[in-house]
Amino acid sequence: MSIAEQKEDIKRLIDATENETLLMHWKQQLEWDVEHEKEFVLSNEELQLLQNSLEAYEKDNTISLAEFIGKRK
């Protein structure tokens, strides 16, 4: 997925959301991420885990938060 596609997906998600509190939290998080994007250095293992997660997401091979929590118990 290209950067342009990611931006469009984020815009569609924001446009589809009416929850003002959630939108404010997303805005704060995105602002923080942009301000601090150069401060984090990931190890090769962390980068690989991130890449694997992105690939799983792109293939829609994900689980719900409830399922994740259930597996952690």
Taking only residues two or more places apart in sequence or in another chain, which ones pass side-chain hydrogen bond (donor to acceptor under 3.5 Å, both in side chains) with Gln28? none
Could you list the residues that satisfy side chain to side chain contact (heavy atoms under 4.5 Å, CB included) with Glu67, not counting sequence neighbours? Ile63, Ser64
Which residues pass the salt bridge (charged side-chain N to carboxylate O under 4.0 Å, His left out) test with Lys7, sequence neighbours left out? none
Can you pull out every salt bridge (charged side-chain N to carboxylate O under 4.0 Å, His left out) where at least one residue sits in residues 39-53? Sequence neighbours excluded, please. none
Cluster overlap Leu49 with Leu54, hydrophobic side-chain contacts below 4.5 Å: no
Could you walk me through whether Gln48 and Asn44 pass the side-chain hydrogen bond (donor to acceptor under 3.5 Å, both in side chains) test, one step at a time? CA-CA 6 Å; Gln48 186 61 48; Asn44 287 337; over 6 Å; no
Side chains of residues 13-24: which donor-acceptor pairs under 3.5 Å do they make with residues two or more places apart or in other chains?
unit_1: Thr17; atom_1: OG1; unit_2: Leu13; atom_2: O; d: 2.8
unit_1: Asn19; atom_1: OD1; unit_2: Thr21; atom_2: N; d: 3.0
unit_1: Asn19; atom_1: OD1; unit_2: Leu22; atom_2: N; d: 2.9

Which salt bridge (charged side-chain N to carboxylate O under 4.0 Å, His left out) pairs, counting each pair once, include a residue from residues 21-37, with sequence neighbours left out? Lys27-Glu31
From Asp9 CG over to Arg12 CZ, what is the distance, rounded to the nearest 0.5 angstrom? 4.5 Å
Glu8: partners by salt bridge (charged side-chain N to carboxylate O under 4.0 Å, His left out), with sequence neighbours left out: Lys11
To the nearest 0.5 Å, what is the distance between CD (Glu55) and CG (Leu50)? 10.0 Å
